[in-house]
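Each remark here refers to the structure printed beneath this line.
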Amino acid sequence: MADLFTTIITSPLARKAGVPQPTKLRRYTPGDPLVEGPVLVAGGGHFDTSLANRLEQAGAQVGTALEELDGRLGALVLDLSAAADPSDLVALHAIGAPAVKRLAKNARVVVLGTDPATLTDVSHIAAQRALEGFTRSLGKELRFGATANLVLATAADPALAESGVWSAVEFFLSGRSAYVDGQVVRVGDAASPSAADPLRPLAGKVAVVTGAARGIGAEIAAVLARDGATVIAVDVPQAGESLAKVANDVRGTALQLDVTTEDAGRRILEHATSRHGSLDIVVHNAGILRDKLFVNMSDDKWAAVLNVNLRSIIRMNETFLGGGGLGEGGRIVCLSSIAGIAGNRGQTNYAASKAGVIGIVEALEGQVRDRGITVNAVAPGFIETEMTKSVPFATREVGRRSNSLQQGGLPKDVAETIAWLAQPGAAAVNGQVLRVCGQSLLGA
Ligand code: NAD
């Protein structure tokens, strides 16, 4: 629901007066075409030929030169993964600039590179690192709901990276990534199988979502269920009524539980295995705010936030990653926040907890890789929820507008990103922190 301010600035009068209008973003609905409009795939990198084939198979009209395509472009895929020297970046501008001029509303730019951390030659590293600055800046220049994101391959052998790269490119081209802008995702070499049924990529999976009674958690439950997963919705007993409704709506089961209790992990695992036969996907979404300036913050407020948002996740993961927990193909996705990256006044406890979550992801990535499990985090920016509705007017408007897409995100945007990370096809995405923030200026 739009608030009064949004209603006023989007009114016909405000439009006439030239007040900048946020574009209605292209969001995913099952069965939608992957992109709206033709796709230019160019750059001469390791992946452009295979990506062009995959895009054609997905039903897109693909060209390898701008002149081959009519009308506005739905997307531009620029594969610079083979650029070995800054002089190779001339192609980026020569191909990119005329194509960007022809982008349609809500178009996508996806740049492909090679992870500089895997390289040794200075010029090679410089050229690849340059892609990040380019993509983040282009994201800030694009208008009308268009986004720009960067996919970096970390595998030495491009053939091994190809399926993972495709999964990331597919996500960024689709409406699932509507509010993901100016981001970088690293993709490894784990085989990334395409879903048997693209409309239900999570079919047969059992997922638990903590904090599912409302807000972002309820939407994560809905999107995972839409994509085929059986969902266990977890929340505190006080939220029992709305939790039961969420669980019913997604045809899953409800589990009333405080995630800070010692045996929370064991109880979730027991519920999952006894009621549904396994546990495959864990979404650590439960979180609380207890904002106060650091010097005025009580011990209770400090401890409560760290307990719910951070310590409970570490404890539950020990169970989920222990014997009888997640197996091959297992997925853990944690909710961080841009406050955990940029810091935020009045949120020392919250930002500490959300930065700690990034620490969890970085620490576990290497430990789980050989077991075919991934651990990632999603860091939302300003998302329209009950929580952000309660933020004072001026702060709320600044939060909502100070991003490249000039609007707040929806819970669905966070949920779609999590649902992608949970897919078998995202097996090569591990240890990543993906911001869903419309390229917020905070921590950019
Ligand atoms: P919300 O307050 O609307 O929902 C959080 C849910 O977690 C509630 O249903 C609550 O009952 C549950 N919960 C709290 N403590 C719990 C506990 N101990 N055990 C079990 N459940 C518990 O919040 P939201 O806006 O939907 O946020 C969801 C997640 O996203 C949180 O981790 C939050 O920090 C993160 N996040 C939100 C935003 C935003 O803009 N809304 C931005 C960045 C990050």
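Leu173 approaches Arg108 most closely through the heavy-atom pair O-CG, 3.5 Å. Heavy-atom minimum distance, Ala233 versus Val246: CB-CG1, 4.5 Å. For Phe382 against Gly399, the heavy-atom pair with the smallest separation is CB-O, 3.5 Å. Nearest heavy atoms, Leu80 versus Asp88: CD1-O, 4.0 Å. Counting all heavy atoms, side chain and backbone alike, Ala355 lies closest to Gly340 at CB-O, 3.4 Å. Of all heavy-atom pairs spanning Ala107 and Leu73, the tightest one is CB-O, 3.6 Å.
Without hydrogens or angle criteria, Asn403 side chain to Leu441 main chain gives no donor-acceptor distance under 3.5 Å. Side chain of Ser163 to main chain of Ala191: no donor-acceptor pair is present (N/O by atom type, distance under 3.5 Å, no hydrogens or angles). No donor-acceptor pair closer than 3.5 Å links the side chain of Asn376 to the backbone N or O of Leu421. At least one donor-acceptor pair under 3.5 Å links the side chain of Arg396 to the backbone N or O of Lys389. For the pair Asp227 (side chain) and Pro201 (backbone), a donor-acceptor distance under 3.5 Å is absent. Looking at Asp181, its side chain does come within 3.5 Å of a backbone N or O of Ala148 through a donor-acceptor pair. At least one donor-acceptor pair closer than 3.5 Å links the side chain of Asn149 to the backbone N or O of Gln183. In this structure a side-chain-to-backbone donor-acceptor pair under 3.5 Å is present from Ser192 to Ala190. A distance-only check finds no donor-acceptor pair linking the side chain of Gln432 to the backbone of Val185 [under 3.5 Å]. The closest donor-acceptor contact from the side chain of Asn344 to the backbone of Gln347 lies at 3.5 Å or more, if one exists at all.
Screening Ile332, Val368, Leu326 for a side chain to side chain contact (heavy atoms under 4.5 Å, CB included) involving Asn317 leaves a single residue, Ile332.
Considering only heavy atoms from C-beta on, Leu434 stays 4.5 Å or farther from Val429 through its side chain. Side-chain atoms of Leu321 and Gln367, non-hydrogen and from C-beta on, never get closer than 4.5 Å to each other. Residues Val357 and Leu335 have side chains not in contact (no heavy-atom distance under 4.5 Å, counting atoms from C-beta outward). For the pair Leu279/Phe320, a side-chain contact is recorded, criterion being any heavy-atom separation below 4.5 Å from C-beta on. Under the 4.5 Å side-chain criterion, counting only non-hydrogen atoms from C-beta, Ile281 is not in contact with Ile418. With contacts defined as side-chain heavy-atom distances shorter than 4.5 Å, the pair Val414/Asn285 does not qualify.
Residues forming a ring-ring contact (aromatic ring centres under 6.0 Å, His included) with Phe171 (at least two apart in sequence, or on another chain): Trp420. Applying the salt bridge (charged side-chain N to carboxylate O under 4.0 Å, His left out) criterion to Arg345, with sequence neighbours excluded, gives no partner residue. Applying the salt bridge (charged side-chain N to carboxylate O under 4.0 Å, His left out) criterion to Asp280, with sequence neighbours excluded, gives no partner residue. Under the salt bridge (charged side-chain N to carboxylate O under 4.0 Å, His left out) criterion, Glu362 pairs with no residue at all, not counting sequence neighbours. Checked against salt bridge (charged side-chain N to carboxylate O under 4.0 Å, His left out), Arg129 has the following partners two or more places apart in sequence or in another chain: Glu132. When the side-chain contact (heavy atoms from CB on, under 4.5 Å) test is applied to Glu170, the partners found at least two apart in sequence or on another chain are Leu34, Trp166.
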*asked:* Between Thr147 and Leu142, is the side-chain contact (heavy atoms from CB on, under 4.5 Å) condition met? List the steps.
replied: CA-CA 7 Å; Thr147 62; Leu142 295 177; 5.6 Å; no
*Given Ile358 and Ile341, is the side-chain contact (heavy atoms from CB on, under 4.5 Å) satisfied, shown in steps?*
CA-CA 9 Å; Ile358 296 174; Ile341 296 168; 3.8 Å; yes
_Verdict with reasoning, Tyr179 to Leu410, per side-chain contact (heavy atoms from CB on, under 4.5 Å)_ = CA-CA 8 Å; Tyr179 201 59; Leu410 300 182; over 6 Å; no
_What verdict does the side-chain contact (heavy atoms from CB on, under 4.5 Å) test give for Val282 and Ile268, after you've listed the backbone C-alpha separation in whole Å, the side-chain angles of each residue and the deciding distance to 0.1 Å?_
CA-CA 10 Å; Val282 175; Ile268 289 172; over 6 Å; no
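For the salt bridge (Lys or Arg N to Asp or Glu O under 4.0 Å) condition, no pair includes a residue of residues 65-82, sequence neighbours left out. Identified under the side-chain hydrogen bond (donor to acceptor under 3.5 Å, both in side chains) test for residues 95-106, with sequence neighbours left out: none. Here salt bridge (Lys or Arg N to Asp or Glu O under 4.0 Å) pairs that include residues 412-423, with residues two or more places apart or in two chains, are Arg27-Asp413, Arg176-Glu416, Arg226-Glu416, Lys412-Glu416. For residues 203-219, no residue pair satisfies the salt bridge (Lys or Arg N to Asp or Glu O under 4.0 Å) rule, not counting sequence neighbours.
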For residues 35-50, dump all side-chain donor-acceptor pairs below 3.5 Å to protein atoms at least two apart in sequence or in another chain.
residue, atom, partner, partner atom, Å
Asp48, OD2, Gly44, N, 2.8
Ser50, OG, Phe47, O, 3.1
Ser50, OG, Glu162, OE2, 3.1

Which donor-acceptor pairs under 3.5 Å do side chains of residues 150-160 form with protein atoms, sequence neighbours excluded?
residue, atom, partner, partner atom, Å
Thr154, OG1, Val187, O, 3.1
Asp157, OD1, Ala159, N, 2.9

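The CD1 atom of Ile360 lies 4.5 Å from the CD1 atom of Ile314; values are rounded to the nearest 0.5 Å. Distance check, rounded to the nearest 0.5 Å: CZ of Arg143 to OG1 of Thr23 gives 9.5 Å. Between the CD atom of Glu141 and the OG atom of Ser137 there is a distance of 7.0 Å, given to the nearest 0.5 Å. Once rounded to the nearest 0.5 Å, the distance linking CD of Gln439 with CG of Leu138 reads 9.0 Å. Atom-to-atom distance recorded for Lys354:NZ and Ser337:OG is 6.5 Å, nearest 0.5 angstrom. A distance of 9.5 Å separates OG1 of Thr253 from CG of Leu243, quoted to the nearest 0.5 Å.
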